Amino acid sequence: MRGYVPGCEVKVPVTLAEALDVLAAEPGGWRPMAGGTDLMVLFNAGRMPAGRFLDLSRIEELRGIWEDETTLRFGALTTFSEMRDCPSVHRHLPNLVKSARATGALAIQNRGTLGGNIANASPAADTPPSLLAYGAELELVSLRGRRTVAYDAFHQGYKQMDLAVDELVAGIRVPKPQGLGFHFYRKVGTRQAQAISKLCLAAYARIEGGLIAEFRVGLGSLAPAPVRARRAEAMILGKPLTALQVTAAREALMADICPIDDIRSTVHYRRVVTANVFQQMLEELAHA
Ligand SMILES: Cc1cc2nc3c(=O)[nH]c(=O)nc-3n(C[C@H](O)[C@H](O)[C@H](O)COP(=O)(O)OP(=O)(O)OC[C@H]3O[C@@H](n4cnc5c(N)ncnc54)[C@H](O)[C@@H]3O)c2cc1C
């Protein structure tokens, strides 16, 4: 049965403190809603018939993109369009611009938020691989206080997160890449636009004196949650650009992933294409 709109309750707090009060008073009783682009699909499909929504969209404290010398900080309500159009994001975090452009169509980009993309916890979401590659951190907030979690420790399994029922994602902090950087983002879907990923790979490397001084790879649709390619990273980190062990790193990558057959793709396709995209990335890195 479809969700029944007149049966819904919606609270619309205008401050973060007000929203946290509601979540603390009835833990699990109210579902945070940002852009609603994931939630309304579930609601319409009848998967949350008795909707009690905490609409976050009026909370100014959750908006905006700030930067200082070392960091870009995104309020959880930052939309894909805001990321896509922000000159600082273009300059420092081009993979995040590509992720935003690759997400849905313009209507979704105008309404969907970064916080929602993270907290929806889909393994196929498009910004998590970039956030993993850039070493992002999340600011989580509740009446009990504020805490910071490394994004690569946040997803703990399929739809499992280090997020309590009375907590909100308040912001996303991404360190600004320093020095000579290499950025790579590739989403593979059925079409160039408006397709959910069959697989997604984002990478960031910092090059210092001809060596790979920093290297992270984020993967989407290749495990129950967005994951880092830690084994493959270890094969590349610290190596000279001129002697990257491509074959060994490709093999290591296969141990980092555990794709499934589903309506979008197969295990075989995902393994083969991921290895090829990874190799293409390493070949571009070798010429950076
Ligand atoms: C037609 C269509 C196409 C799409 N295409 C793509 C695509 O190509 N790539 C992609 O990645 N996604 C896609 N999506 C999914 C969706 O648009 C994104 O996941 C979006 O980022 C969700 O953000 P939202 O603000 O709309 O989240 P909502 O729907 O409001 O919420 C999603 C989840 O996050 C929780 N939540 C939201 N904000 C917070 C917060 N601050 N703190 C704690 N929990 C929170 C909610 O409780 C809910 O569980 C598509 C959706 C549609 C309908």
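These numbers were taken from a predicted model, which means no experiment stands behind them. In each ligand, atom 1 is the first atom listed, and ligand 1 is the first ligand listed.
We find that D152 and R230 are joined by a salt bridge, their nearest charged nitrogen and carboxylate oxygen being less than 4.0 Å apart. Using a cut-off of 4.0 Å between Lys/Arg side-chain N and Asp/Glu carboxylate O, K198 and D262 are scored as not salt-bridged.
No hydrogens or angles considered: nothing links the side chains of S197 and S221 as a donor-acceptor pair under 3.5 Å.
Shown here are the ring pair (Phe, Tyr, Trp, His ring centres under 6.0 Å) partners of F182, two or more places apart in sequence or in another chain: there are none.
For ligand 1, the protein residues placed under 4.0 Å by at least one non-hydrogen atom are R31, P32, M33, A34, G35, G36, T37, D38, L39, V41, L56, A76, F80, A102, T103, G104, I108, G112, T113, G116, N117, A119, N120, A125, D126, L168, V169, K187, A195, I196.
Other residues sharing a hydrophobic cluster with I59 under the 4.5 Å side-chain heavy-atom criterion for ILVMFWY residues are L16, L20, V22, L23, W30, L54, L56, L62, L77, V141, L143, L168. Cluster note: V14 groups with no other residue, as no ILVMFWY side-chain heavy atom lies under 4.5 Å from it.
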